[in-house]
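Written below as C-alpha cells is the structure these notes are about.
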Amino acid sequence: MSEEENQYIQQRRAKLAEYRALGINPFPRGMKPTHTARDILTTYESHDGDALTKVTQNFSVAGRIVFHRAFGKAAFLKLRDRSGEIQIYIQHQAVGDELFKFYKMLDVGDFLLAEGTLFRTKTGELSLHVTGFRLTSKALQLLPEKWHGLADVEQRYRQRYVDLIANPKVKEIFRARSQTVQAIRDFLIARDFLEVETPMMHPIPGGAAAKPFITHHNKLDMDLYLRIAPELYLKRLVVGGLERVFEINRNFRNEGISIQHNPEFTMLEFYQAYGTHEELMELTEQMFADVATKVLGKTTVTYQGTEINLAPPYRKLTMKEALVEVGGCDPAILTDKKKAVAYAAKLGDTLKTKNEGLGAILTEIFELTCEKKLMQPTFIHGYPVEVSPLARRSDTDPEIADRFELYIYGREIANAFTELNDPEDQAARFHAQAEALFKGDDEAMHYDDDYVTALEYGLPPTAGEGIGIDRLVMLLTDAPSIRDVILFPQLRKKE
RNA sequence: GGGCCGCUAGCUCAGUCGGUAGAGCAUCGCCCUUUUAAGGCGUGGGUCCCGGGUUCGAGUCCCGGGCGGCUCACCA
C-alpha cells in the first residue's frame, strides 16, 4: 500500500503541512470567481493599455496554474479554467510581504483564485494585476512538461485526467463529441422523435450478430447479457405506439479490440413508423451534413489526409454493383455459388460454416474487396436476406433485404433497413439463426419468443437505423483511433 | 490469438562494441519587478517494466513473463 514517494510529492506534502500549521485550509470550499478567463478576454479584447487603466473594476478568476515564470520580486502565472487561460501578474510591491510568501509556496498544478485589475503587458497580453489571491486546491503531483505534453499513449488512456491537462487538443475532441451527440439529438427531436432508454441487461441477447458479455443477477439467480444492440426493444416500443423513437447509448460486444473497436461503444438507433430504408438514406445525408455544419461549420472534413465531402447526395450502389465496379470482381460470381466460393478462397477467405449460401459468400467478398475502397460516403444496398435476419424482404427479390449500410473512409458507419414486421417470417429467420447458433456460430442470434409475440400484436411498416457514434466522432475530429474519442477506453489491468 | 515495434529521472528522449546512468524541461537553492520555450549560476533526483540466464561485468546479449502501440484474423 505505502509506496515510496518521489522527492516532488514529498516537497509538496511539506507545503500542505505548512498551510495546515498556519491554520489555512489548502482545500477550502466554494471560492467562486466573478469572471471566467473568456469573459475577461473577450470583453476587453479591443482595449489597449490606456483604455484598461480607466477600467477600475476588480475582477476575480479561478483556475489551475498551468504556467509560472518568476523574476525575483514579481511573477507571471497562467490560470486555466473551463473557458480558457488568462495570465496573472503577481508583484511583491502590489501584494505585500505576507501574500508574496504564499506566492512562493505555489506550484504549477495548484488551483488558485486571484483578484485584481486589468492591464496589458509590454508585449500586449491582457493580464490580471493581482491584488489578492487564495489557494483553492493544492496539487501534489507534477504535471507533464509543457511543450511535448504527455506522449505516452498508455498513460494518456489510463490517466485521461492528466492527458486532458497536458494536451489541449484532447479537450477539443471531447467537446466535439458532445456537440455531435447534441446535434443528433436536436435533429431527431425536431423531427418528432422521442428519446428513450431501454435495458442494458438483456435476458436474451439480440438485435445484432455479436458475442455478448454475460453477467449474473444474484437475487433473481439468472444470467443476463450486456446488450449488443437495443434494436428489439426499440421496435417493441413502435409496436406500443411510440412511432418515432431513438436511443443514444452504449452497446457491449465481447470481441476484439482494435483501432476501430472498443468493447463498449456508443450507438444511435432510431426507428420511424411508415418510413422506408430509402427515406432513411436521405435522412442520414441530411443528418450528417447538419451535424458537420454544427460541429465543424462546414460539410467537408479532412480525415487522415483525405478530404471527405459530407454534403448530400451520397453515392448509392447495390452490393452486386459494388462487387463489379468497386471490387473489380468477375460478374460470374454474382450468380454462381461455386465460382463465388472459389473466388473467396482465392482472396484467402475462410468461410465461417460450410452451410453459407451465395448471399453470405458475396457479402464476405464485398467486405474483402470493396469496403476499404469506399472513401467518400456511399450507401450500399441490396444486401442478401441471409445476412439480414431482422430486415424486410424486398418486394422485387425475396432473397434481397430492404437494407443499406453507409460507408465512409472504408468504414461501416451506419446500418439501416425497412424492418421485418411479418411475425411468421421473423420466427422462421430466428429458427435459422438458432440453428446456426447450435451448430457453433457464437455470433448467431438467439430465438426471442417475446419479440415474435410483439410482432404478432402488429408492428406498423417501419424503417430503422443504427449509427456508430464513436466512428462518426472519429471522422469529425480526424482521430485515427477509437480510443481517441472514448474518454476511458478499455485496457488491461495494470500490475 | 499470430507477426512487428516500444517500455531508461515527474515529462520528452539519448545511451555507440557488454565496461562508473545521460540531456532538455520540470524540481530545489541563489540572482533577477512586464515574461511568452525568459536569462544566468548552482543542486538533488533512477526498481533502466518484471523474473531468470550467459558473463569478471548486462540498460545493452539470450530465455520467459507483463503492459502498451501498430497490424492480420473477427467485428460496428
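In what follows, every chain begins at residue 1, and chains take the letters A, B, ... in the order their sequences are listed. Note that the structure is predicted; figures quoted are calculated from it, not measured.
Toward the 5′ end of RNA chain B lies the nearest nucleotide of R120(A), the other residue of the pair K211(A) and R120(A) mapping further downstream. Toward the 5' end of RNA chain B, the nearer of the two residues A151(A) and G72(A), judged by each one's closest nucleotide, is A151(A).
The distance from atom CG of D152(A) to atom C1' of rG68(B) is 8 Å, rounded to the nearest whole Å. With rounding to whole Å, Q260(A) atom CD is found 11 Å from rC70(B) atom P. One atom, CG of L79(A), and another, P of rU35(B), lie 19 Å apart when rounded to the nearest Å. We find that CG of D484(A) is positioned 10 Å from P of rG69(B), with the value rounded to whole Å. Atom CD1 in I380(A) sits roughly 16 Å away from atom C1' in rA76(B) (whole-Å rounding). Here the C1' atom of nucleotide rU35(B) and the CD1 atom of I90(A) are 14 Å apart, to the nearest Å.
rC11(B) is paired with rG24(B) under the Watson-Crick or G-U wobble criterion, all donor-acceptor distances under 3.5 Å. Under the Watson-Crick or G-U wobble criterion, with both distances below 3.5 Å, rU55(B) has no partner in any strand shown. Base pairing annotation: rU43(B) forms no Watson-Crick or G-U wobble pair, as no partner gives both donor-acceptor distances under 3.5 Å. Remark: rU60(B) base-pairs with no nucleotide; criterion is Watson-Crick or G-U wobble with both hydrogen-bond distances under 3.5 Å. When both pairing distances are held under 3.5 Å, rG18(B) makes no Watson-Crick or G-U pair with any nucleotide shown. Pair assignment for rC74(B) gives none, since no Watson-Crick or G-U wobble pairing has each distance under 3.5 Å. Pairing partner, rG68(B): rC5(B), with both Watson-Crick or wobble hydrogen-bond distances short of 3.5 Å.
Taken residue by residue, residues 91-113 of chain A places heavy atoms nearer than 4.0 Å to RNA chain B at Q91(A), Q93(A), D107(A).
Here G149(A) lies in heavy-atom contact (under 4.0 Å) with sugar-phosphate atoms only. Within 4.0 Å (heavy atoms only), N262(A) reaches at least one base atom of the nucleic acid. Residue R158(A) is in sugar-phosphate contact alone, with no base atom involved, counting any heavy-atom pair closer than 4.0 Å across all strands shown.
For K15(A), a side-chain nitrogen or oxygen approaches OP1 or OP2 of rC28(B) to under 4.0 Å.
For K146(A), whose side chain is taken as the heavy atoms from C-beta onward, the closest listed nucleotide among rA26(B), rC74(B), rU34(B) is rA26(B). Comparing rG69(B), rA76(B), rU12(B) by their closest approach to the side chain of L491(A) singles out rG69(B). Considering only the side chain of R483(A), rG69(B) comes nearest among rC11(B), rU35(B), rG69(B). The side chain of E145(A) approaches rC11(B) more closely than any other nucleotide in the set rU33(B), rC11(B), rC28(B). When distances are taken from the side chain of P144(A) to each of rU36(B), rC11(B), rG10(B), the shortest belongs to rC11(B). Residue I259(A) has its side chain nearest to rU71(B) when only rU36(B), rU71(B), rU35(B) are considered. Counting only heavy atoms from C-beta on, S481(A) has its side chain closest to rC70(B) among rA76(B), rG68(B), rC70(B).
Nucleotides rG69(B) and rC28(B) have their C1' atoms positioned 36 Å apart, rounded to a whole Å. Atom C1' of rG44(B) sits at a distance of 15 Å from the matching atom of rA21(B), rounded to the whole Å. For the C1' atom pair drawn from rU54(B) and rG22(B), the interatomic distance equals 27 Å after rounding to whole Å. A gap of 13 Å separates the P atoms of rC49(B) and rG10(B), to the nearest Å. Between the C1' atoms of rG59(B) and rC48(B), the separation comes to 5 Å (whole Å). rC25(B) and rU36(B) are spaced 16 Å apart, taking the C1' atom of each and rounding to whole Å. When the P atom is used for both rC63(B) and rC4(B), the distance is 12 Å, rounded to whole Å.
Between the side chains of T36(A) and D39(A), a donor-acceptor pair is found at a separation under 3.5 Å. Side-chain atoms of R483(A) and N262(A) form no donor-acceptor pair, as typed in the model, at a separation below 3.5 Å. When only modelled atom types and interatomic distance are considered, R177(A) and T266(A) share a side-chain donor-acceptor pair under 3.5 Å. Side-chain N/O atoms of R429(A) and S388(A) include no donor and acceptor closer than 3.5 Å.
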**Message:** Apply ring pair (Phe, Tyr, Trp, His ring centres under 6.0 Å) to residues F100(A) and H92(A) and explain how you reach the verdict.
**Reply:** CA-CA 6 Å; F100(A) 205 72; H92(A) 180 233; 5.0 Å; yes
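Qualifying ring-ring contact (aromatic ring centres under 6.0 Å, His included) partners for Y383(A), counting only residues two or more places apart in sequence or in other chains: none. Among residues two or more places apart in sequence or in another chain, the ring-ring contact (aromatic ring centres under 6.0 Å, His included) test is passed with F76(A) by Y89(A).
Donor-acceptor pairing under 3.5 Å, judged by distance alone, is present between the side chain of T121(A) and the base of rU36(B). With hydrogens and angles ignored, no donor-acceptor pair under 3.5 angstrom links the side chain of Q7(A) to the base of rG10(B). Interface remark: the Y157(A) side chain does not form any donor-acceptor pair with the rG69(B) base, using a distance-only criterion of under 3.5 Å.
The shortest heavy-atom contact between K15(A) and K104(A) is NZ-O, 4.4 Å.
Aromatic stacking of F76(A) on rU35(B): satisfied, with centres closer than 5.5 Å and planes within an angle under 30 degrees. Stacking between Y8(A) and rA26(B) is absent: the aromatic ring centre is not both under 5.5 angstrom from the base six-membered ring centre and within 30 degrees in plane angle.
In this structure, F246(A) has its ring center at least 6.0 angstrom away from the ring center of F270(A).
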Output one line per pair: protein atom, nucleotide atom from nucleotides 1-6 of chain B, and distance, for all N/O pairs under 3.5 Å.
none

Which donor-acceptor pairs under 3.5 Å do side chains of residues 109-122 of chain A form with protein atoms, sequence neighbours excluded?
from, atom 1, to, atom 2, distance (Å)
D110(A), OD1, K138(A), NZ, 3.4
D110(A), OD1, A139(A), N, 3.0
D110(A), OD2, D107(A), N, 2.9
D110(A), OD2, K138(A), NZ, 2.8
R120(A), NE, H47(A), O, 2.5
R120(A), NH1, G124(A), O, 2.7
R120(A), NH2, Y44(A), O, 3.2
R120(A), NH2, E45(A), O, 2.9
R120(A), NH2, H47(A), O, 3.0
T121(A), OG1, T123(A), N, 3.4
T121(A), OG1, T123(A), OG1, 3.1
T121(A), OG1, G124(A), N, 3.4
T121(A), OG1, E125(A), N, 3.1

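Stacking of R236(A) on the aromatic ring of Y233(A) is recorded, both the 6.0 Å distance cut-off and the 45° axial limit being met.
Residue T418(A) forms a side chain to side chain donor-acceptor pair (under 3.5 Å) with just one option from R392(A), R403(A), H277(A), and that option is H277(A).
For residues 83-92 of chain A, the set of pairs meeting the salt bridge (charged side-chain N to carboxylate O under 4.0 Å, His left out) definition, not counting sequence neighbours, comprises R80(A)-E85(A).
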